[in-house]
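Here is the structure we will look at, set down as structure tokens.
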Amino acid sequence: MKKLMLGNEAVARGAYEAGVRVVSSYPGTPSTEITEFCAAYPEIDCEWAPNEKVAVETAFGAAMTGARAMSCMKHVGVNVAADPLYTAAYTGVNAGMVIVAADDPYMHSSQNEQDSRMIARAAHIPMLEPADSQECHDYIQRAFELSERYDTPVFLRLTTRLAHQRSPVEMGERAELPVREYKKDFMKYVMMPGMARKRHLVVEAREQRMEDEAASLGLNRVEMRGTALGVVCAGVVYQYVREALPEASILKLGLSYPMDRAAVRDFAARVDKLVVIEELEGIFEQEIAAMGIAVTGKCYTGRQGELSVQRIREAFGADKAPQEPALPARPPVLCPGCPHRATFFAIKKLGLTVFGDIGCYTLCALPPIESMDATLCMGASIGMAIGAEKAHGRDFSRRSVAVLGDSTFIHSGITGLINAVYDRSNINVIILDNRITGMTGHQQNPATGFDIHGNPAPQLNLEAVCEAVGAHVRVVNPMQMKDMEQALREETQRDGVSVIIARYPCALLDKRPKQPCTIADCHRCGACLRLGCPALERGADGAVRVNAALCNGCGLCKQMCAFGCITGGGEKQ
């Protein structure tokens, strides 16, 4: 049976057919949908973990004791999971274990362009790179087979373009595999120095064995056409090369690590000029050059951003395509009715320095709110606030605040809060509790009270956690703007660690019927426009009007209007 599938959906389907029993992940674009599709299969025990490290540890526990397991994350999530991953390469597995790493060239929704192929090499973990949805489906099954055959975790690498494209997939049936027997083996699984030294030798021998047997695995292939130009590539870049350079011969690396050096040497000998075309870092090019083979690559494409058919054509001298008329810029904005807008407006009004975090609220760095000073990584806001106080003292920390979401706080903010209290810091923290993991598409987390299937689950009490750590806690409805401002004024003057929990549901989840706001006799002062709400528009006459199709009825604009020109909003009676 054939079906048109997203790359992410195809990975989930392939994992299902491979007999996977456990999937533990943390949401992160472009990987999120894999786990969501997996959750639709009742045969798979599927969960959202608090962070990627916990997710990989859970998957490893399942694989070590005999059940095929998978963990999915975006490229920066691999950093969080690196601690268990590097050691799991030493211990090996029992049943198959696959880590899906989804990279984001061009940073469509990320803070860097990290190349996970470098992690695979550093961790000594094999990596497969599919090029379309059918290969996503097939390669994930091969990854589990290789994991068991070579006793190692295996990476499957996607990129944003591959994860979110659709192409046909020939589906099969699920393989109902029994859970493998678990046998106690502390020399294999307990990585004390004496055991780890021996296991490191096992890793090296395994990599050499995989390279020696690469040709028999059937994951790499040569497509000979002309001999003037030979291209080495992998993943979705293969699709670009095939279209952009139809006369070129291609060595497509489905197994991108360890590299099949014999295949590369043979291919290089059959072409006049060898070029590597790869997104991000010049990893293949460097490896091939180190073999003493004449090769070029990054001189054509550079190290930044996504590749495309047109970009490759132009790099190799093809005429530029006619330029499309430029479309008006459409920067991302917070949704109408977003509670983060109210919180950050109060922060801006008080002129506070903001140590931010990863979430929808990062958009508050943009006009008109412009009140985000720094965003580094998940959970870093609290650590940055601690460091700033150490550098500048209490006077500075009274004028600053660390801001992070509920899911981010659980992911990696709790440890920062513990450190703040233990370190006797005087910092102010705002947890934006919108009752969901918002930025990646409304995934559940331990504070929502529901699991990945929407079933009731134990709900983490954020107030109790913060109080147990030793912080002072205050809960505020941020949509009451005066209350939010007053809370900020008072808590920033408090000694010790202060936590404001700004609690209000995500505007896209608040299904209570509300009436849109309306504006009459506008005084044209523009005060309401300072909120940056996309439902507010200034007409040709300078008067502000409400786009009823966009208005959420939150009523923030009413609180901004000193003249009482705005009515409506609130729940319908």
(message) Quick one about Glu52 and His411 (side-chain donor to acceptor, distance below 3.5 Å, no hydrogens or angles considered), yes or no?
(response) yes
(request) Could you tell me whether the side chain of Tyr504 reaches within less than 4.5 Å of the side chain of Asp510, counting heavy atoms only? (result) yes
(request) With sequence neighbours excluded, give me every salt bridge (charged side-chain N to carboxylate O under 4.0 Å, His left out) pair touching residues 443-461. (result) none
(request) Begin with the C-alpha distance, continue with both residues' side-chain angles, and end with the deciding distance and a verdict on side-chain contact (heavy atoms from CB on, under 4.5 Å) for Thr35 and Asn8. (result) CA-CA 9 Å; Thr35 304; Asn8 282 345; over 6 Å; no
(message) Suppose the criterion is salt bridge (charged side-chain N to carboxylate O under 4.0 Å, His left out): which pairs have a residue in residues 455-467, not counting sequence neighbours?
(response) Glu463-Arg503
(request) Rounded to the nearest 0.5 Å, what's the gap from CD on Glu113 to CD on Glu306? Could you check? (result) 9.0 Å
(message) Rounded to the nearest 0.5 Å, what separates atom CD1 in Ile431 from atom CD1 in Ile500?
(response) 10.5 Å
(message) Treating Thr440 as the side-chain partner and Pro27 as the backbone partner, does any N or O pair qualify as donor plus acceptor under 3.5 Å?
(response) no
(request) Give a yes or no answer on whether the side chain of Asn428 reaches the backbone of Ser400 with a donor-acceptor pair at less than 3.5 Å. (result) yes
(message) Checking Asp395 now: which residues fulfil side chain to side chain contact (heavy atoms under 4.5 Å, CB included) with it, not counting sequence neighbours?
(response) Arg399
(message) Show me the pairs that pass salt bridge (charged side-chain N to carboxylate O under 4.0 Å, His left out) and involve residues 101-110, at least two apart or across chains.
(response) Asp103-Arg157
(message) Keeping Thr448 on the side-chain end and Gln444 on the backbone end, is there a donor-acceptor pair under 3.5 Å?
(response) no
(request) Not counting sequence neighbours, list each pair that qualifies as a ring pair (Phe, Tyr, Trp, His ring centres under 6.0 Å) and has a residue in residues 371-404. (result) His392-Phe396
(request) Indicate yes or no: does Arg21 engage Glu43 in a salt bridge with an N to O separation below 4.0 Å. (result) no
(request) Could you grab the distance from atom CG of Leu376 to atom CD of Gln111, nearest 0.5 Å is fine? (result) 8.0 Å
(message) For residues 79-111, which residue pairs pass the ring pair (Phe, Tyr, Trp, His ring centres under 6.0 Å) check, not counting sequence neighbours?
(response) Tyr90-His200, Tyr106-His108
(request) Report yes if some heavy atom in the side chain of Met195 is under 4.5 Å from a heavy atom in the side chain of Tyr189; otherwise report no. (result) no
(request) Return the set of residues passing side chain to side chain donor-acceptor pair (under 3.5 Å) with Arg341 (not counting sequence neighbours), or none when no residue passes. (result) none
(request) Please name all residues satisfying side chain to side chain donor-acceptor pair (under 3.5 Å) with Arg424, sequence neighbours left out, ordered by chain then number. (result) none
(message) Could you check whether any side-chain N or O of Glu389 sits under 3.5 Å from a backbone N or O of Ser397, counting only pairs where one atom can act as donor and the other as acceptor?
(response) no
(request) Report yes if the side chains of Ser147 and Val154 come closer than 4.5 Å at any heavy-atom pair, otherwise no. (result) yes
(request) Would you check if Thr375 and Asp357 make a side-chain contact, meaning some heavy-atom pair closer than 4.5 Å? (result) no
(message) Does Arg394, at its CZ atom, have more than 12 non-hydrogen atoms belonging to other residues, nucleotides or ligands within less than 6.0 Å?
(response) yes
(request) Without swapping roles, check the side chain of Asn426 against the backbone of Gly496 for a donor-acceptor pair under 3.5 Å. (result) yes
(message) Please determine whether a side-chain nitrogen of the Lys or Arg among Lys349 and Glu485 lies less than 4.0 Å from a carboxylate oxygen of the Asp or Glu.
(response) yes
(message) Taking the basic N atoms (NZ, or NE/NH1/NH2) and the acidic carboxylate oxygens, is any pair closer than 4.0 Å for Glu281 and Arg117?
(response) no
(request) May I ask you to decide if Val179's main-chain N or O and Tyr182's side chain share a donor-acceptor pair within less than 3.5 Å? (result) no
(message) Can you tell me how the ring of Tyr16 sits relative to the ring of Tyr41, calling it parallel under 30°, perpendicular over 60° and tilted otherwise?
(response) parallel
(request) Could I get the full list of side chain to side chain donor-acceptor pair (under 3.5 Å) partners for Glu491, not counting sequence neighbours? (result) His472, Arg474, Arg494, Ser498
(message) Just verifying a value: how many Å separate Ile125 CD1 and Ser116 OG, rounded to the nearest 0.5 Å?
(response) 11.0 Å
(request) Supply the atom-to-atom distance Asn79 CG to Asn112 CG, rounded to the nearest 0.5 angstrom. (result) 7.0 Å
(message) If only side-chain N and O atoms count, and only distance matters, is there a donor-acceptor pair under 3.5 Å linking Ser407 with Thr437?
(response) yes
(request) Would you check if there is a donor-acceptor pair between the side chains of Glu36 and Gln443 at a distance under 3.5 Å? (result) yes
(request) State, with a plain yes or no, whether a side-chain heavy atom of Thr58 is found less than 4.5 Å away from one of Val54. (result) yes
(request) Answer whether the closest heavy-atom distance between the side chains of Leu508 and Cys335 falls below 4.5 Å. (result) yes
(message) Which residues pass the side chain to side chain donor-acceptor pair (under 3.5 Å) test with Asn547, not counting sequence neighbours?
(response) Glu537
(message) Tell me whether Arg398 is salt-bridged to Asp495, with the criterion being a basic N under 4.0 Å from an acidic carboxylate O.
(response) yes
(message) With a 3.5 Å distance limit and no angle check, can you tell me whether Ser381 reaches the backbone of Ala402 through a side-chain donor-acceptor pair?
(response) no
(message) How long is the straight-line distance from OG of Ser133 back to CD of Gln165, given to the nearest 0.5 Å?
(response) 3.5 Å
(request) Using a 4.5 Å cut-off on heavy atoms from C-beta on, say whether the side chain of Phe409 contacts that of Cys466. (result) yes
(message) If we ignore hydrogens and angles and just use 3.5 Å, is the side chain of Lys74 paired with the main-chain N or O of Pro30 as donor and acceptor?
(response) no
(message) Check whether Asp115 reaches the backbone of Leu280 with its side chain - one donor and one acceptor, N or O, closer than 3.5 Å.
(response) no
(message) What I'd like to find out is whether the side chain of Thr65 reaches to under 4.5 Å of the side chain of Asn94, using heavy atoms alone.
(response) no
(message) Could you work out, with side chain to side chain contact (heavy atoms under 4.5 Å, CB included) as the rule, every residue matching Thr87, not counting sequence neighbours?
(response) Thr91, Met191
(request) Would you list the pairs meeting salt bridge (charged side-chain N to carboxylate O under 4.0 Å, His left out) in which at least one residue belongs to residues 57-73, sequence neighbours left out? (result) Lys53-Glu57, Arg68-Glu148
(message) If we ignore hydrogens and angles and just use 3.5 Å, is the side chain of Lys348 paired with the main-chain N or O of Pro368 as donor and acceptor?
(response) yes
